[in-house]
2 protein chains.
Amino acid sequence: MSDRRTQILDAAAMLIAERGYTSTSVDDVIRGAKLSGKSHFYHYFRSKEELGYEVLNRQFERFTERGLAILREPMIDPLERLSLFIDAVVTLQAERGGRGGSPFGNLAAELADAHEGFRVRIEAVFERWASQIRSLLWEARPQLQDDVDAVRLSRFIIATLEGAVLMTRVKRDLAVLEGIAADLKRFIGTHVRDGGAVALPGARGAE
Amino acid sequence: MSDRRTQILDAAAMLIAERGYTSTSVDDVIRGAKLSGKSHFYHYFRSKEELGYEVLNRQFERFTERGLAILREPMIDPLERLSLFIDAVVTLQAERGGRGGSPFGNLAAELADAHEGFRVRIEAVFERWASQIRSLLWEARPQLQDDVDAVRLSRFIIATLEGAVLMTRVKRDLAVLEGIAADLKRFIGTHVRDGGAVALPGARGAE
DNA sequence: TCATGTTAGGACCGGGTGGTCCAAAGCGCA
DNA sequence: TGCGCTTTGGACCACCCGGTCCTAACATGA
């Protein structure tokens, strides 16, 4: 993977996060990556579509490294890992200044109905994400109530986080995301067996 | 408001829900509304932007009639109304065949960062929606725990529903939305005072 | 030295974009 | 009858879109 290629990918990722896939033109990407012209771009990518797919892949890899990795930390209690992961989502969004939202959610809203190729790839992203949470939930099973449905709960967590990021973008207020994240932790806490101490730190407290 | 005008608005609403605002061209709308040409369209709307704003308004009016209205039914217990409202969101999405998603969420994801005019209007939509839930929560206050934060809870409900609709679109599976809706009811149920009977019907049950 | 891959730069393509302008027909109503 | 709104229909604008093609200057390493 050449330097130029990743440079193009990075520029495209930024632009797509800001303005969406359709509204980001190849010329924009060329300007963003400081290429000399169209032929230079098409030397590295067969089409804009291919660019889009690879950007999505890279976004997921980055997310896997910086967010999903927490879910797998072997030395930390699984439910605390889940709490840390939710914090990481908040941090990630804070770093973006509340803008840009979730790359997956954005592409999903923009292309899920219109472009099957993107839809299946986005579905795969969410599925891999959900499966990470599911196996964490499986690990935490001794602490959880017997009737906890890991599939449903993992979907609920992802949907709420995606919705929260979207709302935060609209309101331009990170506190929205923080509040929802806290409530989400509280909800996860209700699945913990009674008698368990404060399983999810930070789940209470209005602010 | 002439017939033609609403006809254009309806056609545009459908197209925007399907393909998004940017990807819906004025020519598409003209074809959809069976107008004779561009001049005919621009006889009714000053610009595509104005069209978009009015479509957003109409979508919210429709949503107010068919969804938000339930929140105000005076003869039904407030918490049951909330449960019925969540059911209505599921029904609304089912009618669309899982496609199209939430008009507000879609526009938000597409334009929140790029187009301030739309951003503030979408923010207003969510705010009016949240305020409806807030006043319902205020009404239900005797049944709720003392520390329930209506602002936060209303945001949580909206974010989760928006996220759920988005996930459902990506997975093309209405069961996703149904599951999340059930869990959301369960979460709301945890805010009800102890000793209260089954406040939210349908909140339990895995399927 | 030759080949290969990279960078540079520009001309060009068909088609779509939001938007304007104009001329003329059809219309209901006073 | 005549006024004013609606409808029709098309020409036209500058610009942007994804994508192709071509030429030529580079660097690198075999």
Side-chain angles (χ1 to χ4, degrees), chain A residues 1-58 106-107 110-111 113-119 121, chain B residues 1-58 106-107 110-111 113-119 121:
Chain A
M1 179 94 63
S2 76
D3 260 1
R4 277 287 187 192
R5 207 182 151 84
T6 65
Q7 190 181 339
I8 298 172
L9 252 4
D10 287 341
M14 229 185 60
L15 289 165
I16 292 175
E18 275 173 18
R19 344 198 306 197
Y21 174 76
T22 333
S23 296
T24 298
S25 73
V26 175
D27 284 314
D28 290 337
V29 175
I30 286 167
R31 271 188 292 273
K34 275 154 189 154
L35 302 183
S36 55
K38 280 235 175 89
S39 47
H40 199 180
F41 171 85
Y42 282 100
H43 177 71
Y44 290 98
F45 296 91
R46 235 170 283 163
S47 65
K48 188 192 175 186
E49 203 183 5
E50 188 187 286
L51 204 229
Y53 291 160
E54 296 207 21
V55 165
L56 183 58
N57 278 340
R58 266 178 72 84
N106 288 354
L107 285 180
E110 190 184 350
L111 301 169
D113 290 335
H115 198 304
E116 183 67 8
F118 274 101
R119 206 213 98 231
R121 282 167 175 82
Chain B
M1 178 94 65
S2 76
D3 261 2
R4 276 288 187 194
R5 208 180 150 84
T6 65
Q7 190 182 338
I8 297 172
L9 252 5
D10 288 341
M14 230 184 59
L15 289 165
I16 292 175
E18 275 172 19
R19 349 212 280 213
Y21 174 76
T22 335
S23 297
T24 298
S25 73
V26 176
D27 283 315
D28 290 338
V29 174
I30 286 166
R31 272 188 292 272
K34 274 154 191 156
L35 302 183
S36 54
K38 279 237 176 88
S39 48
H40 198 182
F41 171 86
Y42 281 99
H43 178 69
Y44 288 98
F45 296 91
R46 235 169 285 164
S47 65
K48 188 193 176 186
E49 203 183 4
E50 188 187 287
L51 204 229
Y53 291 161
E54 296 207 21
V55 165
L56 183 59
N57 278 340
R58 266 179 71 84
N106 287 354
L107 285 180
E110 190 185 348
L111 301 169
D113 289 334
H115 198 304
E116 183 68 9
F118 274 101
R119 205 213 100 231
R121 282 168 175 83

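Chain letters run A, B, ... following the sequence lines, proteins first, then strands; residues in each count from 1. In this text the structure is predicted, and so the values were computed from the model without any measurement.
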**Asked** Among all residues two or more places apart in sequence or in another chain, which pass the side chain to side chain contact (heavy atoms under 4.5 Å, CB included) test with B:Arg119?
**Response** A:Arg172, B:Ala112, B:Glu116, B:Glu123
N/O donor-acceptor pairs under 3.5 Å from side chains in residues 29-36 of chain A, not counting sequence neighbours:
residue	atom	partner	partner atom	Å
A:Arg31	NH2	A:Asp28	OD1	2.9
A:Ser36	OG	A:His40	ND1	3.4

**Rounded interatomic separation in angstrom, taking CG from B:Asp3 and C1' from C:dG28** = 16 Å
**Under-4.0 Å side-chain N/O to phosphate OP1/OP2 contact, B:Arg5 with D:dC5** = no
**Request:** Round to a whole Å and report the spacing from CD1 of B:Ile30 to P of D:dG9.
**Result:** 13 Å
**side chain to side chain contact (heavy atoms under 4.5 Å, CB included) assessment of B:Leu56 paired with B:Ile16** = CA-CA 10 Å; B:Leu56 183 59; B:Ile16 292 175; over 6 Å; no
**Request:** Take the protein atom OH of A:Tyr44 and the nucleotide atom C1' of C:dT7, then report the distance between them rounded to whole Å.
**Result:** 8 Å
**Asked** Whole-Å distance between D:dA27 C1' and A:His40 NE2?
**Response** 13 Å
**Request:** Go along nucleotides 11-22 of chain C 5' to 3' and tag each nucleotide: B for a protein heavy atom under 4.0 Å from its base, S when only backbone or sugar atoms are that close, - otherwise.
**Result:** ------SBBBBB
**Fill in**
note: A:His43, atom NE2; D:dC26, atom P; distance rounded to Å ~ 18 Å
**Item:** Contacts of type side chain to side chain contact (heavy atoms under 4.5 Å, CB included), residue B:Gln7, not counting sequence neighbours
**Value:** B:Arg4
**Message:** Applying ring-ring contact (aromatic ring centres under 6.0 Å, His included) as the test, list every pair that has at least one member in residues 13-34 of chain A; sequence neighbours left out.
**Reply:** A:Tyr21-A:Phe118
**Message:** Going by side chain to side chain contact (heavy atoms under 4.5 Å, CB included), name the residues that satisfy it together with A:Ser39, two or more places apart in sequence or in a different chain.
**Reply:** none
**Asked** Does the side chain of A:Arg4 get closer than 4.0 angstrom to OP1 or OP2 of C:dT7 through an N or O atom?
**Response** yes
